[in-house]
Amino acid sequence: MDFRDTGLEFDQNRIEELDQLRREGYPLYPPVFERKDRIREIREKFSAVGHERSEERVVTAGRLYTVRNHGKTIFADLGDERARIQLYIRKNDIGEAHFDFFSRYIERGDIIGIGGYPFRTKLGELTIWVDDIVLLTKSLNSLPEKFHGLTNVEKRYRQRYLDLIMNTEIRETFRMRSLLISEIRSYLTGRDFLEFETPILQPVYGGANARPFTTYHHCLCQNLFLRIAPELYLKRLVIGGFEKVFEIARNFRNEDIDTRHNPEFSMVEIYEAYRDYNDMMALTEGIISHLVHTICGKYQIEFGGGHLDFTPPWRKMSMEDAVRDLAGLDTRSYSLEDLKKIAGDKGIEGYEAATSWRELLVLFFEEMVEGQLIQPTFIYDFPIENSPLAKKHRSKEGFTERFELFICGMEIANGFSELNDPLDQLGRFQRQDDMRKAGDLEAQMLDYDFIDALGYGMPPTGGVGLGIDRLVMLVTNQSSIKEVILFPQMRSEGDATLKSSDKNEAGTP
RNA sequence: GGGCUUGUAGCUUAGUUCGGAAGAGCGACGGACUCUUAAUCCGUAGGUCAAGGGUUCAAAUCCCUUCAGGCCCGCCA
């Protein structure tokens, strides 16, 4: 096997060992190993074992993390998914041939199966007195340093498998991510919601304000967009008669990458007929407090050096009240011109184009209030200008029945009483489309099919979307989204020609 | 897009301030060792100092450009 021109840098010694084993007829890469015990179970079951070897034999498997060879005895540390245990291997016990085989061909990083008897060494370490060893997988790459491990952040993200091998606490973070998602699923399905999958490739994108990724379907001869949100398809399901639906959706937004944004991110979107935004706030509070309590065991958690308390009920404020009480600005008592002057004085950008005081309210909120919302806080009643998919407020002129949940200054959830008036929706879309054609790269497209669907009638419906990645950040106390996404998007490195010549020309308008 | 900052052996790194022969630990390789645990001891090999250019008698070190990261800010309602 020649891999000299592949860029692979396998350890030559290990390659040679492998060749030798093959020549000797050793069964390499066997298909199966009858593992009877997991290390964590062994540790629990034999926690009281003494210096005498246990009568009971265990059979387990895992990766070798360290090997300490003492000549005629070897100590080694074997690790599986959840735990590690020490191995004790003596020439006397396994015989000279077997012992030499181990010394010569089995090393740190290899995956082996073993059998033996638990006991405790004189230094008190629970250990397996090994009587049988099988090489299951020869590793051709040597592991990073045993003490410091892998700390290079870039390498950790690019070679996450190595990060997971070496930094086993990272596995805990992703275990919690997996648990969180399955808890969301069971919470909702336990309340009679149905989970569906809607198109990721969409001819018309919508449901959020964001730039999409564009691709091209050769047989259809048309551009398609990777969805920025599942919203408009899930509402079609409600129109179709499904009353409680949700999707755990990967969304794609063609925007910059930082500690809180990855181009693809996960969200759960939930719609329920005959409910409004108050019900959705209650549902959001119910789900998230349940998640925190289930995963962390309590409602109070630590995050970024501070404390968060998820004990319901959470604080609720209208956007107006939040700006008045937390920023000290009573927007109702000023004229539009005065508010623009205040915005200018505060160095707020983008206020010039505002045509109503409500748009300035949003700017003041974002600039002066968002960062203060550390404990879980619902902000409700958003200006109609910024909420093209939310129903007009039942009593507050110029506002919509929309809310967002903020935790640690981060937007965690966004929901509303869904706009189900087709003509109103058409008008809102037209305004978005005008803005898009005027150069707003994040304004929404006009989705005529969706309007048509609304024309058949959507019941009064409440909807909400929760950002899963950010929830995982909160419960795992991570300040960067890259720490909770297994394979975060990274710029390609190395051969620059790959970037240009492999480019899908048709797919890049 | 802006600011700060990082890149030295497979991994963890010293050396950069103030230019003067690229060092260490782990790992690898050879050897010793029957209760070690970051095992220990003896020996050996391993480097395009991210890449390119410049200044200089002399550059890992100073200057410029580029590449790939990290943190913060902007953008992302």
Side-chain angles (χ1 to χ4, degrees), chain A residues 9-14 16-17 51 65-77 84-93 99 103-104 107-109 119-127 129 139-159 162 165-166 208-211 228 253-263 265 319 347-350 354 358-359 361-363 365-367 370-371 379 382-390 400 402 404 411 414 432 435 440-444 479-480 482-483 488 490-496 499:
Chain A
E9 291 178 341
F10 291 139
D11 184 327
Q12 264 313 315
N13 292 311
R14 289 173 181 246
E16 281 161 25
E17 282 167 22
H51 191 55
Y65 277 90
T66 54
V67 178
R68 297 177 289 283
N69 194 324
H70 290 251
K72 295 188 179 64
T73 56
I74 297 169
F75 285 93
D77 296 314
R84 293 192 192 179
I85 197 161
Q86 181 169 260
L87 306 180
Y88 181 51
I89 302 154
R90 297 204 321 174
K91 201 167 191 167
N92 295 15
D93 301 312
F99 188 86
S103 312
R104 186 162 175 204
E107 55 203 318
R108 185 163 176 266
F119 78 110
R120 205 166 283 280
T121 62
K122 69 180 180 190
L123 293 179
E125 178 88 18
L126 181 62
T127 302
W129 196 308
S139 133
L140 297 184
N141 289 317
S142 50
L143 292 179
E145 206 232 15
K146 62 189 165 194
F147 186 60
H148 298 94
L150 182 70
T151 61
N152 183 313
V153 175
E154 184 177 350
K155 260 199 168 71
R156 285 187 44 235
Y157 295 153
R158 287 191 192 275
Q159 295 179 269
L162 197 51
I165 289 172
M166 296 307 297
N209 289 52
R211 290 182 71 176
I228 56 174
R253 298 190 183 174
N254 207 337
E255 290 161 359
D256 214 349
I257 297 172
D258 61 31
T259 48
R260 290 176 178 189
H261 299 83
N262 192 61
F265 64 100
M319 184 179 282
I348 295 173
E349 288 176 17
R358 295 181 299 270
E359 289 167 80
L361 174 68
V362 172
L363 295 178
F365 173 77
E366 288 167 356
E367 176 73 20
E370 263 189 30
I379 298 295
F382 281 56
I384 192 165
E385 291 83 356
N386 305 77
S387 309
L389 298 163
T400 57
R402 174 184 181 186
E404 286 187 352
E411 179 193 332
N414 179 17
Q432 287 288 317
M435 287 161 61
D440 184 343
L441 296 169
E442 279 140 18
Q444 302 193 28
S479 59
S480 171
K482 288 194 172 84
E483 295 290 352
M490 305 284 278
R491 198 184 297 268
S492 300
E493 52 181 356
D495 193 349
K499 285 187 205 166

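Residue numbering restarts at 1 for every chain, and letters A, B, ... go by the order of the sequence lines.
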### Query
In terms of ring plane angle, is the pair A:F119 and A:Y88 parallel, tilted or perpendicular, where the classes change at 30° and 60°?
tilted
#### Entry: Nucleotide of B:U36, B:G74, B:U12 approaching A:N152 most closely (side-chain heavy atoms)
B:U12
### Message
Between the base of B:U36 and the side chain of A:Q86, is one N or O donor paired with an acceptor at under 3.5 angstrom?
### Response
yes
### Task
Return no unless some side-chain N or O of A:R491 is found under 4.0 Å from OP1 or OP2 of B:C67.
no
### Summary
Closest to the side chain of A:E125, out of B:U36, B:A39, B:U13, is B:U36
### Query
What distance, rounded to whole Å, do you find between the two P atoms, one in B:U8 and one in B:C62?
16 Å
### Query
For A:E442, which contact category applies under a 4.0 Å heavy-atom criterion: base, sugar-phosphate, or nothing?
sugar-phosphate
### side-chain N/O A:K146 vs B:G27 OP1/OP2, d < 4.0 Å
yes
### Message
As a test of reading the structure: which of B:A38, B:C35, B:C72 is closest to the side chain of A:F147, going by heavy atoms?
### Response
B:A38
### Task
Give A:K91 one of three labels, base, sugar-phosphate or nothing, depending on what nucleic acid heavy atoms sit under 4.0 Å from its own.
nothing
### Query
Within the structure, does a side-chain N or O atom of A:R158 lie under 4.0 Å from either OP1 or OP2 of B:G69?
yes
### Summary
Here the pair of heavy atoms bringing A:E483 nearest to A:Y157 is OE2-OH, 2.9 Å
### Message
Is A:T259 close enough to B:C72 that one of its side-chain N or O atoms is under 4.0 Å from OP1 or OP2 there?
### Response
yes
### Query
A:M166 near the nucleic acid: base, sugar-phosphate alone, or nothing, with a heavy-atom cut-off under 4.0 Å?
nothing
### Message
Does A:F119 reach a base, just sugar-phosphate, or nothing at all? Heavy atoms under 4.0 Å.
### Response
base
### Task
Under 4.0 Å between any heavy atoms, over every strand shown, what does A:D440 touch: base, sugar-phosphate, or nothing? Just pick one.
nothing
## Note on the structure
Picking from B:C29, B:G69, B:C35, the nucleotide nearest the side-chain atoms of A:M490 would be B:G69
### Message
Nearest whole Å is fine: how far is B:G69 P from A:Y157 OH?
### Response
12 Å
### Message
Measuring from the side chain of A:K482 (C-beta onward, heavy atoms only), which nucleotide among B:G70, B:U34, B:C71 has the closest atom?
### Response
B:G70
### Message
In whole Å, measure the gap between the P atoms of B:U61 and B:G20 for me.
### Response
11 Å
### Query
Salt bridge check: are A:E385 and A:R358 linked by an N-O gap of less than 4.0 Å?
yes
### Message
I'd like to check the ring pair (Phe, Tyr, Trp, His ring centres under 6.0 Å) partners of A:F365; sequence neighbours left out, ordered by chain and number.
### Response
A:F406
### Task
Could you work out the separation of B:A21 and B:C49 based on their P atoms and round it to a whole Å?
16 Å
### Message
Any base atoms under 4.0 Å from A:Q159, or only sugar-phosphate, or nothing? Heavy atoms, all strands.
### Response
nothing
### Query
OP1 or OP2 of B:G69 less than 4.0 angstrom from a side-chain nitrogen or oxygen of A:K155, does that happen here?
no
### Task
Return the nearest nucleotide to the side chain of A:E154; candidates are B:G69, B:U13, B:A39.
B:G69
### Query
If each of A:E411 and A:D256 is mapped to the nucleotide of RNA chain B with the nearest heavy atom, which maps nearer the 5' terminus, i.e. the 5' end?
A:D256
### Query
Do any side-chain nitrogens or oxygens of A:R68 fall under 4.0 Å of OP1 or OP2 in B:U36?
no
#### Entry: Shortest side-chain distance from A:E145, nucleotide among B:U34, B:C76, B:G25
B:G25
### Results of salt bridge (charged side-chain N to carboxylate O under 4.0 Å, His left out) for A:E442 - residues two or more places apart only
none
#### Entry: A:H261 side chain, from C-beta outward: closest of B:G25, B:C76, B:U34
B:C76
### Task
Look at the side-chain N and O atoms of A:T121 and state whether any lies under 4.0 Å from the OP1 or OP2 oxygen of B:U37.
no
### Query
Side chain of A:H51: nearest nucleotide among B:C75, B:A39, B:C35?
B:C35
